[in-house]
Asks: 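Below is a structure I'd like to ask you about.
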Amino acid sequence: MQKPRTVRALVIASVALIGLTACATGGSEPETSDDILIFAGGEPDHLTPGRQTVAFDQVMSVFSPLVDLDAEGNTSMLAAESVESDDATTWTITLKDGWTFHNGEPVTAQSYVDAWNFTAYGPNAWENSWELASIVGYDDLNPAEGDPTTDAMSGLTVVDDLTFTVELVGPDSQFPLQLTGAQTGFYPMPEAAYDDLDAYDREPIGNGPFEMTEPWKDTEEYTVTAYEDYAGPAPTIAGITFRPYTDNLTGYNDVLAGNADLEYLPTAKMTSAIADFGEDHVYSLQAPGVDYIGFPLWDEKWQNKELREAISMAIDRDAINEAIYGGLYAPANSLTAPNMNGDPAGICAELCEFDVDAAQAKLAEAGGYEGTMTIVYPGGSGLDELFEAYANQIRQNLGIDAVASPTTDWAEYWQSLVDHTVAGPHFGHWGALYPSQQSTLRALFTEGGGCYLCTGYSSPEVDELLLEADASQTLDDSYEGYAAVQEFVLDAFPTVPTFSATYNYVTSDRVVELPAVSGSPVLSKIVLAD
Amino acid sequence: MIRSLSQRLLGLVIVFFGVTFIIYAMVFALPGDPIRALGGERPISDTTVAALRAAYHLDDPLIVQYLRYIGGLLTGDFGTDFLGRSVGEQMLRALPVTIVLGLSAWALEIIVGLGLGIIAALRRDTWIDRGILITTILATSIPVFVVGVSAQLLFGVRWGILPVAGDKAGWPVAFILPAAVIAIYGLAVVSRLIRTSMIDNLGMDYVRTARAKGLAPSRIVGVHVLRNSAIPAVTFLATDLGYLLGGAVVVEGIFNLPGIGNLLFSAIRAHEGPTVVGISTALILVFLLTSALVDFLHTLLDPRIRHD
């Protein structure tokens with residue numbers, strides 16, 4: 001008569017087990033402060049400025065750039081007293097006195113030079129190394145073959161505690177813009193960082209408005225609080241809690257319920273966000289990015305310019321914008337985003353306008369299209385609806401058998417571009433890190449430029465025109481110069497500009513004001529309700 | 001006895017090496033270079049890619065990489081992912097969350113499933129029985145994603161009585177919704193199994209004898225019938241425990257619980273061989289243990305079953 005208790009024992013045992021394990025994970029009491037903003041985001045990759053590629057918000061709250069940007073893309077000095085040059089090639093950077101890292105170490109010229117050298121040093125394999133590529137000596141640190149023989153760039157010279165000079169490989173009037181916040185490869189690091197870089201990656205010591213209060217642990221939220229001795233303008237909030245979500249729809253629901261304050265709006269919710277949150281709590285910020293369709297230009301079939309133009313004119317950007325993005329995106333009519341300084345809006349003209357008759361005429365001119373057109377995009381990134389829409393419009397308006405085909409993930413997508421195996425027209429996007437047309441044009445249309453593999457297009461004329469524009473003495477001259485680059489590239493039409501994205505955010509009722517620069521909220525200036 | 005034990009151990013070793021190698025090879029064979037995907041929508045420069053590939057030995061042949069990994073594993077080192085994080089530490093952090101979630105769901109399956117099954121069997125062919133039948137069929141046919149998101153919107157966002165997501169509130173509050181969502185399928189199965197086999201057993205001679213002897217109905221049902229009807233449900237529950245401890249990818253994602261399922265999902269997406277294999281190895285061990293548990297419980301419940 002003892003065995004029959006098995007079932008009951010099973011139940012009791014399992015309940016007891018749960019009780020035990022529950023102790024193991026027991027949640028600590030949440031810190032509740034009225035002035036702490038809860039940021040619902042993704043999991044960071046790194047918190048070291050030279051390494052992060054997806055943790056901009058986190059890193060930019062702990063560090064301050066040399067040069068600040070306002071909402072209109074104008075620069076002002078932040079950590080720097082001045083950034084000056086007579087010939088646009090050799091730049092003298094003077095730092096403001098009195099700035100300290102969160103551990104009390106003073107921020108000096110050496111802090112910058114050491115950090116830049118370390119970030120640029122090839123064998124370290126830091127992800128943002130390329131941002132420093134136009135400094136003289138960068139190539140010595142990144143030789144095509146073998147190990148570098150030096151670990152310092154010859155173009156960097158410390159003059160005194162607060163002054164250093166930077167020699168660029170050529171004249172570049174846009175250099176001060178490159179020193180702004182999103183180019184995190186240009187941030188300084190304190191000496192303490194080099195003692196234990198792994199620990200530093202978890203708990204970076206910066207020169208910014210907020211300091212870390214605890215090391216970041218995988219998949220766990222952490223809080224940064226206002227740095228008392230910050231020498232820049234004091235932040236409007238007491239701190240930020242960065243809470244990672246694996247599913248951004250969950251974060252969306254958490255903001256909706258008031259458990260978090262700010263989240264990047266998931267594409268799937270773009271059409272319903274305003275109904276859920278009301279107009280006041282959905283922010284549509286003009287992004288510095290452009291979306292386009294690229295082509296396998298190494299394939300003879302795609303070297304036909306009229307075919308590419310036909311595709312561009314067959315896409316009804318306005319209809320797609322309304323249907324998928326709730327009208328929040330802007331149809332593209334130039335190669336750069338509208339908030340790039342001096343963006344030549346409308347330069348793409350009729351080639352970026354929806355016109356079925358003209359598109360069909362172009363297709364006839366191109367000699368038609370045989371077979372299936374496979375349009376490739378990285379899967380699992382919320383792009384399915386967009387590419388289905390592209391394929392539909394090409395099918396309906398040009399009568400081409402077009403299909404949208406996702407890769408498994410980003411890895412496979414990039415590999416297909418590296419290996420030249422991509423099956424047809426493909427996804428393309430470039431998010432500029434500073435508001436100069438230079439960032440986009442250089443990245444996409446020059447061989448050395450970061451995203452050359454995204455378009456596969458370059459030409460000596462483009463290089464020439466870009467150098468000319470870079471060397472301009474005034475900003476207005478440079479705008480004309482970049483417009484000339486755009487005109488030349490659009491004449492060859494290697495890519496189809498489609499949208500200029502907006503970065504959209506939803507906020508809880510607590511957020512009263514969301515100041516933004518280049519499409520990203522400035523967390524240190526957010527205004528919370530009392 | 002010793003022979004059967006050593007056979008089992010040998011089998012375990014073969015399963016261990018076979019499965020880890022197959023999984024490692026599968027992750028290795030995924031198309032694309034994981035290093036290139038580290039920057040997401042921004043490509044990473046060729047020199048950085050080359051340096052990182054060298055640092056993680058990605059240019060070595062599959063077998064060399066695998067042996068290096070197994071070598072580390074045997075010394076207790078689960079390796080690092082492509083961001084330089086220790087896989088062992090990540091698993092240690094994720095496991096408690098999944099164990100709590102899995103056991104909570106399991107307890108719900110047992111308590112609610114058993115209860116519904118017994119009621120349905122005793123009230124056979126009444127509206128109660130039919131109600132339970134319809135509810136459980138409905139519950140098993142709605143995708144877990146739909147149930148999860150709806151539950152989150154209703155209980156978390158609209159009524160605000162339970163947390164929307166995260167494990168900050170601790171057990172049990174933070175785990176009620178996700179565990180209930182996971183348990184729905186299992187408890188439906190348990191209740192069907194219990195009902196069917198109890199109805200069979202209730203018609204048996206020994207039940208009539210017990211009734212004739214004047215035994216209390218609660219004792220007849222609670223002890224004799226239930227025990228003899230429990231085998232199918234216990235078998236299901238034990239294997240289900242294996243699944244539950246394997247982490248619930250969808251539910252952990254919806255409720256933002258940093259458990260094994262979430263870790264596995266992001267590791268597969270990032271082509272993190274060491275992480276995927278590490279988790280799989282842990283899961284294999286759980287499955288082997290639960291299948292041993294099933295065998296043991298069978299003999300306990302029904303002495304006629306013998307494992308020699």
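We use all heavy atoms of the structure for the numbers below, so side chains are in, but hydrogens, waters and symmetry mates are not. Throughout, protein chains are lettered first and strands after them, A, B, ... in sequence-line order, and every chain is numbered starting at 1. Quick caveat: nothing in here was measured; it's all calculated off a predicted structure.
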Asks: Only pairs of heavy atoms separated by less than 4.5 Å count here; which of Val418(A), Asp198(A), Thr250(A) has the most with chain B?
Replies: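 Of Val418(A), Asp198(A), Thr250(A), Thr250(A) has the most heavy-atom pairs under 4.5 Å with chain B.
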Asks: Rounded to the nearest 0.5 Å, what separation is found between the NZ atom of Lys217(A) and the CZ atom of Arg85(B)?
Replies: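 So the gap between those two atoms works out to 14.0 Å.
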Asks: Would you compute the distance between atom CZ of Arg36(B) and atom CD of Glu412(A) and round it to the nearest 0.5 angstrom?
Replies: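 Output value for this atom pair is 14.5 Å.
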Asks: Just verifying a value: how many Å separate Arg93(B) CZ and Glu220(A) CD, rounded to the nearest 0.5 Å?
Replies: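 It is 5.5 Å, given to the nearest 0.5 Å.
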Asks: Of the non-hydrogen atoms in Trp414(A) and Ala37(B), which two are nearest, and what is the gap between them?
Replies: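 Residues Trp414(A) and Ala37(B), closest heavy atoms: CD1-CA, 4.2 Å.
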Asks: Please state whether the side chain, the backbone, both or neither of Leu417(A) comes within less than 4.5 Å of a heavy atom of chain B.
Replies: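 No part of it gets close to chain B.
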Asks: Highest number of heavy-atom pairs under 4.5 Å with chain B: which of Asp254(A), Thr408(A), Asn259(A)?
Replies: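 When all of Asp254(A), Thr408(A), Asn259(A) are compared, Asp254(A) has the most.
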Asks: Between Ala51(B) and Ala125(A), which heavy-atom pair has the shortest distance, and what is it?
Replies: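 The pair with the smallest heavy-atom distance is CB-CB, 3.4 Å.
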Asks: If you tally heavy-atom pairs under 4.5 Å against chain B, which of Thr407(A), Asp45(A), Asn142(A) wins?
Replies: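 The answer is Asp45(A).
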Asks: Which region of Gln52(A), side chain (C-beta onward) or backbone (N, CA, C, O), has a non-hydrogen atom less than 4.5 Å from a non-hydrogen atom of chain B, or is it both or neither?
Replies: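 Neither the backbone nor the side chain of Gln52(A) comes within 4.5 Å of chain B.
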Asks: Which pair of heavy atoms, one from Gly156(B) and one from Ala257(A), lies closest together, and at what distance?
Replies: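 Smallest interatomic distance, heavy atoms only, reads O-CB, 4.1 Å.
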Asks: Let me see the working for Leu52(B) and Glu127(A) under side-chain contact (heavy atoms from CB on, under 4.5 Å), right down to the final yes or no.
Replies: CA-CA 10 Å; Leu52(B) 283 174; Glu127(A) 287 81 348; 4.1 Å; yes
Asks: Shorter than 4.5 Å, heavy atoms on both sides: which option in Leu453(A), Asp409(A), Asp218(A), Thr219(A) has the most such pairs with chain B?
Replies: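 It is Asp218(A).
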Asks: Which side-chain N or O atoms in residues 261-268 of chain B pair as donor and acceptor under 3.5 Å with protein atoms at least two apart or in another chain?
Replies:
{"unit_1": "Asn262(B)", "atom_1": "OD1", "unit_2": "Thr246(A)", "atom_2": "OG1", "d": "3.4"}
{"unit_1": "Asn262(B)", "atom_1": "ND2", "unit_2": "Thr246(A)", "atom_2": "OG1", "d": "3.2"}
{"unit_1": "Asn262(B)", "atom_1": "ND2", "unit_2": "Glu252(B)", "atom_2": "O", "d": "3.4"}
{"unit_1": "Asn262(B)", "atom_1": "ND2", "unit_2": "Leu257(B)", "atom_2": "O", "d": "2.8"}
{"unit_1": "Ser266(B)", "atom_1": "OG", "unit_2": "Asn262(B)", "atom_2": "O", "d": "3.0"}
{"unit_1": "Ser266(B)", "atom_1": "OG", "unit_2": "Leu263(B)", "atom_2": "O", "d": "3.2"}

Asks: Kindly check if the number of other-residue, nucleotide or ligand heavy atoms within 6.0 Å of CZ (Phe145(B)) is above 12?
Replies: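 Check fails, neighbour count at 12 or below.
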Asks: Would you confirm whether Asn256(B), through its side chain, and Pro244(A), through its main-chain N or O, come within 3.5 Å as a donor-acceptor pair?
Replies: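 Pair found, side chain donor or acceptor close to backbone of Pro244(A).
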Asks: Can you tell me which of Ser381(A), Gly251(A), Cys454(A), Ala411(A) forms the most heavy-atom pairs within a distance under 4.5 Å of chain B?
Replies: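 With the most close heavy-atom pairs to chain B, the winner is Ala411(A).
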Asks: Quick one: side-chain contact (heavy atoms from CB on, under 4.5 Å) partners of Pro232(B), sequence neighbours excluded?
Replies: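 If we apply the side-chain contact (heavy atoms from CB on, under 4.5 Å) test to Pro232(B), skipping adjacent residues, the hits are Leu193(B), Ser197(B).
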Asks: Pick one of side chain, backbone, both or neither for Trp126(A), based on which atoms fall under 4.5 Å of a heavy atom in chain B.
Replies: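 For Trp126(A), the contact with chain B is made by the backbone alone.
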Asks: Can you tell me how far apart CG (Leu38(B)) and NE2 (His46(A)) are? Round to the nearest 0.5 Å.
Replies: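 Separation between the atoms: 7.0 Å.
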Asks: Determine the option with the most heavy-atom pairs under 4.5 angstrom with chain B, choosing from Gly431(A), Ser129(A), Gly289(A).
Replies: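 Sorted descending by pairs with chain B, the first entry is Gly431(A).
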Asks: Once rounded to the nearest 0.5 Å, what's the spacing between atom CG of Leu153(B) and atom CG of Asn253(A)?
Replies: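 One gets 4.5 Å once the value is rounded to the nearest 0.5 Å.
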